[in-house]
*Asks:* 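The structure that follows is given in the form of structure tokens.
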Amino acid sequence: MADGQRHLLQHAFSNPLSQAGPASDNIANGLFLNSLLTQLAATTATQQASLLSASPAPGSANQTTRGMYGQSHQQGHNSRINGAPGRQQAMPMLYNFQQQSAHPHQAHGQHHQGLQQDHGGASLMGHSAFSSGVLSNASPFTASAMQNGHASTARGAQAQQITEHWAEQLRLHKEAERAHATMTEQHQPHFYARLKAAENRGIGGSGGVGGDSGPSVDGEDDRRRPWSLDKTNKRQDWYNLDMSGQGLRVLAPPLFAYEFLQELYIASNRLTYLPPDIGRLRHLRHLDASNNLIADLPPEIGMCTNLKSLYLFNNQIRDLPSELGSLYLLEMLGIEGNPLDPSLKQEIMTGDTKSLVNKLLLKAPVPIPPAERKCIVIQEDVSPNLERVKVLTWNILCEKFATPTLYGYTPPAALQWEYRRERIIQELHEREADILCLQEIATDVFRDFFSPNLAQDGYKGVHWPRPKAKTMSEKDAQSVDGCAVFYKANKWILLDKQLLDYANIAINRPDMKNQHDIFNRVMPKDNIGLICFFESRQTGARLIVANTHLAWEPTLPDVKLVQTAIMMENITRLAEKYARWPPLKDKKMIQAPLEDGEQRVELPEPAPSQEYRNNTDIPLLVCGDYNSTYDSSVYELLSRGRVAPNHPDFGGHQYGSFTRDGIEHPFSMRSAYVHLNGTPDELTFTNYVPGFAEVIDYIWYSTNTLEVVSLLGPPDRDHLKRVPGFPNYHFPADHIQIMAELVIKARKDKKMVQEPDFGSSSGDRRN
């Protein structure tokens with residue numbers, strides 16, 4: 001090795017901090033030392049001792065450095081082309097935990113792109129010729145070799161090996177400083193726009209209405225979401241915005257109308273805060289606010305749950321809001337160059353970004369409860385003589401689906417089933433509905449928890465699991481989810497109950513059994529429906545209630561439509577049967593269950609069973625989780641009663657008479673919550689998770705027999721401004737419950753059912 005190299009190495013270990021040379025020399029020396037230490041690591045101990053004990057050659061350091069880092073030189077493993085990092089050093093990377101941060105806005109001129117003249121022709125031009133993670137903090141040789149303001153390592157202090165994640169943090173920190181220097185010293189703003197120019201070129205050509213909506217989410221699984229985050233009906237030709245290096249002091253409100261943004265660069269300005277409206281940019285995946293004067297982050301930053309990188313280098317941030325713990329997809333939080341709380345910095349230095357995010361999530365306090373959901377009156381002056389029925393539907397989020405992978409934004413304590421089930425049962429008690437339609441309720445949960453707890457309020461229940469339970473062991477089958485209907489047994493008598501196994505019904509239809517699409521698309525989905533037939537103890541009015549949970553996949557709109565069509569076909573067929581259902585001969589003998597210690601109260605003489613001339617005369621409620629929005633074919637079929645055979649949702653697949661003749665049903669139906677459309681209380685979602693907040697749960701009712709009296713209003717909108725998604729402490733499932741109170745319309749031609757004219761055994765199915 002050259003004498004100049006030996007001299008520089010000795011000088012580096014012996015030169016005190018007060019003797020630090022010019023910045024240009026120090027970075028050159030640092031570059032050389034980084035390479036030299038790599039060579040030393042590959043030599044024997046004897047060779048290293050020889051190198052360190054050799055006599056120095058005065059004045060040779062700069063000459064050697066220029067020779068090694070001239071324009072024509074490529075630095076082997078550490079070279080970077082066009083900003084791409086090279087391989088890591090073979091030697092371990094060290095960091096001194098005794099270092100402290102200096103002011104985040106020190107001059108970093110020696111790092112910007114135009115320094116090749118200062119290094120005797122060493123062309124940096126924005127391409128680091130070294131592993132900046134090692135140079136910036138691992139080399140305790142001179143003060144100026146550590147540009148983030150850390151003091152040198154004290155002689156004899158213990159240096160610890162740094163993690164790969166922290167090394168990447170330091171590399172990105174250096175890149176942010178070089179970009180800052182370019183924008184401020186060379187007066188070249190929009191640094192990142194220039195880098196992105198080639199990437200953005202031609203994006204508009206591939207887009208179109210209903211077409212490409214931007215980059216994908218790296219193959220992330222949107223399991224149990226009706227569609228993925230990126231699905232949109234609007235054309236959008238750009239997704240990133242660069243406002244860096246313009247001296248901005250505030251961000252104007254119109255910026256946050258660009259809710260489609262996926263990358264936002266606001267670095268190298270004079271911003272002292274981020275406004276709460278940052279939470280509106282929920283599609284953001286990259287946010288760079290480095291080199292500003294930001295002291296605090298707003299809690300609303302936790303709404304940006306799709307962030308994968310959040311760069312806050314060189315600001316004045318001392319603490320992080322607990323809401324940052326909601327950023328469960330975050331891979332890199334850039335915080336170097338901030339006077340951050342040591343415990344927080346230690347967490348990311350010894351662990352990684354995800355461990356820091358998890359720490360913040362765990363320590364997050366229970367938020368203030370939202371305002372109660374109010375009851376909204378739709379119909380006033382309703383006759384007290386009309387029979388009222390209050391129905392609630394709710395997907396309660398089965399325990400096995402509530403995983404940290406899917407719900408990483410939810411505090412672990414709020415995600416625990418033991419906590420959630422207590423909140424769910426509490427809300428069901430408070431609502432006091434006559435009929436409860438629940439989805440995603442497992443067999444053992446129905447039997448061991450909900451049935452005994454709801455029995456205290458006078459409920460009895462019906463439950464069926466998904467068909468796959470039949471193929472499993474008895475133990476495993478207990479955890480399979482399904483649908484359940486609970487009813488107030490002192491008000492309603494269950495006359496009949498039926499399971500709808502959509503896949504089994506479909507493959508046995510004569511017009512479908514030989515078609516491939518049924519077997520390839522419908523049969524693999526084991527969704528079910530439940531149909532119950534009730535009679536009122538007091539008035540004799542009868543009621544059909546259907547509860548279902550359709551396929552969730554965004555790629556299966558045809559399957560959802562087929563499932564809905566099968567459900568309506570079976571409701572139509574069963575309603576014809578129920579119209580001829582015999583009367584109950586001695587209704588008083590069918591006793592409602594009593595709670596422990598409760599005394600039976602003598603009820604008024606019950607009215608006889610009512611007569612229904614045809615299937616559409618019987619009041620009908622169709623509830624459940626349809627995983628379909630208002631613009632879907634499922635909604636169209638239920639609301640309009642018909643879907644054309646060539647509907648786009650069929651996607652060219654063949655489903656017998658459905659795709660030959662279309663689908664129809666005879667009922668006049670309406671969604672209960674359309675009464676709130678266009679009002680301040682409009683229900684804008686029933687499923688609320690990051691990237692998706694839409695109405696997909698419904699209470700459909702037959703308009704010729706039922707009328708809506710009141711509805712349970714939407715959740716407190718102000719509370720949701722800092723809630724990225726459900727479940728949380730106050731909303732125990734990713735869906736909210738919806739509830740409607742209806743009255744059974746008076747019938748001018750109402751008659752009592754006469755003695756049945758068919759089999760005497762037909763009325764034996766009652767509970």
*Asks:* Can you check whether Arg660's main-chain N or O pairs, donor with acceptor, with Ser657's side chain at less than 3.5 Å?
*Replies:* no
*Asks:* More than 12 non-hydrogen atoms from neighbouring residues, nucleotides or ligands closer than 6.0 Å to CZ on Phe519, yes or no?
*Replies:* yes
*Asks:* Is the ring centre of Trp492 less than 6.0 Å from the ring centre of Phe486?
*Replies:* no
*Asks:* Step through it carefully: locate the ring centre of Tyr673, locate the ring centre of Trp700, and say whether they are under 6.0 Å apart.
*Replies:* no
*Asks:* Is the distance between the ring centroids of Tyr258 and Phe260 under 6.0 Å?
*Replies:* yes
*Asks:* Is the positively charged end of Lys460 above the ring of Tyr487, judged by distance under 6.0 angstrom from the centroid and angle within 45° of the axis?
*Replies:* no
*Asks:* Pairing donors with acceptors under 3.5 angstrom, does anything connect the side chains of Thr393 and Gln737?
*Replies:* no
*Asks:* Atom CD in Glu432, atom CE in Met739: separation rounded to 0.5 Å?
*Replies:* 9.0 Å
*Asks:* Apply ring pair (Phe, Tyr, Trp, His ring centres under 6.0 Å) to the pair Tyr459 and Phe450, showing each step before the final yes or no.
*Replies:* CA-CA 10 Å; Tyr459 288 100; Phe450 282 97; over 10 Å; no
*Asks:* Out of Asp625, Thr686, Asn627, which residue meets the side chain to side chain donor-acceptor pair (under 3.5 Å) rule with Asn395?
*Replies:* Asp625
*Asks:* Under the 3.5 angstrom rule, does the side chain of Asn547 hit a backbone N or O of Val622 as a donor-acceptor pair?
*Replies:* no
*Asks:* Taking C-beta and beyond as the side chain, do Lys497 and Ile531 meet within less than 4.5 Å on heavy atoms?
*Replies:* no
*Asks:* Name the orientation class of the two ring planes belonging to Tyr409 and Tyr407 (parallel below 30°, tilted from 30 to 60°, perpendicular beyond 60°).
*Replies:* perpendicular
*Asks:* For Glu553 and Thr555, indicate whether the former's side chain and the latter's backbone hold a donor-acceptor pair under 3.5 Å.
*Replies:* no
*Asks:* So His675 and Tyr701, would you call those rings parallel, tilted or perpendicular, with 30° and 60° as cut-offs?
*Replies:* parallel
*Asks:* Kindly state whether the ring of Phe658 and the ring of Phe650 have centres lying under 6.0 angstrom apart.
*Replies:* no
*Asks:* Answer with yes or no after comparing the ring centroid distance for Tyr578 and Tyr612 against a 6.0 Å cut-off, counting only values under it.
*Replies:* no
